[in-house]
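Since this is a predicted model, take the numbers as computed values, not measurements.
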Amino acid sequence: MDTLAAKQQASTDGVRVKVQRFGRFLSGMVMPNIGAFIAWGLITALFIPTGWIPSEYLAKLVGPMITYLLPLLIGYTGGTMVHGTRGGVIGAVTTMGVVIGTDIPMFLGAMIVGPFAAWVLKQFDRSIEGKIKSGFEMLVNNFSSGIIGGILAVLAYAVVGPAVQVVSKLLASGVQVLVDAGLLPLANVLIEPGKVLFLNNAINHGVLSPIALEQASKTGKSILFMLESNPGPGLGVLLAYWLVGRGAAKLSAPGAAIIHFFGGIHEIYFPYILMNPRLILAVIAGGVTGTFTFSLFGAGLVAPPSPGSIFAYIAMAPKGGLLSIFTGVITATIVSFVVAALLLKTGKQADDEDSLEQAQAKMKEMKQKPSTAAASATAVAVETPLKAAADVRKIVFSCDAGMGSSAMGASILRKKMKEAAVDVTVINTAISEIPDDADIVVTHKSLTDRARNQAPKAEHISIENFMKSPEYETLVNRLKS
């Protein structure tokens, strides 16, 4: 029975890792270009006829940016992810085919044809590797990229673009039906658990944003930008821990709430739910309430609020839309807080919270030991074998996008290393970009399997709380000695 359970758990973990990897690939085409999306959103919010500062002259930027610039950036980025710069170039060329072949912003088409074109070129390059006569490499490389790119661009223009346009319109119509029927809030029943499993970037930037951008280009705003990014549900849980929680979680919750709400790093509240999974009901209730409120008052944003900070919400709000946005965030916070507080008060949360302190005490006892066993709650497992202190030159914090929780954790550890006079480089990256020379990789426990596959030679440390983990002190003391 134990063997069967172990196999089932391994199968579940394998599926989760594959879903995370696919989601990371989708969001990876959007995340590096978020600055361009925000630039377009600000120009739209300010200068369109219904904007904060209407300007017919400056509003001319809006259409070309969303029609050409943003899809081409996505196509280029997707191609680069598959086959480097050559893949990026052919991805952009092919994306131009779907852009010209339709009359709507072609984000979904770019996410399909960009990586596909790069994959085709990659297969061609592999097939001729080592078969080109010396001196003809540049000729073959340039013409192969041009010929294949031209063919794929024509196919994208004639076939892929129109097909994706039909699909896009069906998706948009489906969303509108849900909005009209008042059923859109039910999407949060799936979105909130997905976020806690670190699929937040995949859901937001890989699925919702492409549809939302098409809506925003027509109506000036979209509610879909707020389904995943609403900071209210997470804030409610953290406030509940602060007011009725116990132990280390209670002490760390206020700081986490500030980082979450104002900094927009939602990953920081995920461990508080993972240590007490029943609290997923609180964020679901808060998310459903927030989306219902947004729908009721016709709220929407002009572009993705990335990161999901209240400041980003304000910046991406259309003229006259701040009140409805604040109302949705506040109601989501209140409902999430009430449900979380009830669950913490009526459940066995005292034992759960005490385990945080027990884990910290256990980690302190093991600081001088050569290996570290699994510890629950805040710090989990250090994968053996441990690297010798003299061999550690680079520590990499890694998360799904490499911009949120990993950046915060790297900053905290970097400060501790400096105070302890330990000369070690500490950086943060996305899991897919972990460098080959990483000696130690620090990730959330739910992402460690992916990180281990990406960097099998590194030592891997799994934690649950990037903001405050006893593993930081353990690692500093180990390297200092």
Enquirer: Side chains of F116 and L152: does their closest heavy-atom pair fall under 4.5 Å?
Expert: yes

Enquirer: Would you tell me whether T77 and N33 have side-chain atoms, one donor and one acceptor, within less than 3.5 Å of each other?
Expert: yes

Enquirer: Backbone N or O of T425 within a donor-acceptor pair of the R414 side chain at under 3.5 Å?
Expert: no

Enquirer: Flag yes if more than 12 heavy atoms outside F124 fall under 6.0 Å of its CZ atom; otherwise flag no.
Expert: yes

Enquirer: Within a strict 4.5 Å, meaning less than it, do heavy atoms of the P435 and K394 side chains meet?
Expert: yes

Enquirer: Measure from the side-chain N and O atoms of N428 to the backbone N and O of S398, and report whether any donor-acceptor pair falls under 3.5 Å.
Expert: no

Enquirer: Given side chains that start at C-beta, do those of D439 and I395 come closer than 4.5 Å, heavy atoms only?
Expert: no

Enquirer: Applying the side chain to side chain contact (heavy atoms under 4.5 Å, CB included) test to H260, which of I265, I268, I310 qualifies?
Expert: I268

Enquirer: Could you check if a side-chain atom of K195 sits within less than 4.5 angstrom of a side-chain atom of Y269, using non-hydrogen atoms only?
Expert: yes

Enquirer: Can you find a pair of side-chain heavy atoms, one from V442 and one from E471, that are under 4.5 Å apart?
Expert: no

Enquirer: So Y313 and S229, side chain to side chain donor-acceptor pair (under 3.5 Å) or not? Walk me through it.
Expert: CA-CA 9 Å; Y313 264 52; S229 62; 2.8 Å; yes

Enquirer: Using side-chain heavy atoms (C-beta onward) and a distance below 4.5 Å, is M106 in contact with T95?
Expert: no

Enquirer: If you round to the nearest 0.5 Å, how far is CD of E214 from CZ of F107?
Expert: 7.0 Å

Enquirer: For the residue pair H83 and W119, establish whether any side-chain heavy-atom pair is separated by less than 4.5 Å.
Expert: no

Enquirer: Decide side chain to side chain donor-acceptor pair (under 3.5 Å) for K415 and Y472; before the verdict, give the C-alpha distance in whole Å, the side-chain angles of both, and the deciding distance to 0.1 Å.
Expert: CA-CA 11 Å; K415 181 178 179 181; Y472 297 159; over 6 Å; no

Enquirer: Does a side chain donor of either Y272 or S252 reach within less than 3.5 Å of an acceptor in the other side chain?
Expert: yes

Enquirer: Is there a side-chain contact between V476 and L413 in this structure, where contact means two heavy atoms from C-beta onward sitting under 4.5 Å apart?
Expert: yes

Enquirer: So, taking the atom named CD1 in I284 and the one named CD in E192, what distance separates them when rounded to the nearest 0.5 Å?
Expert: 7.0 Å

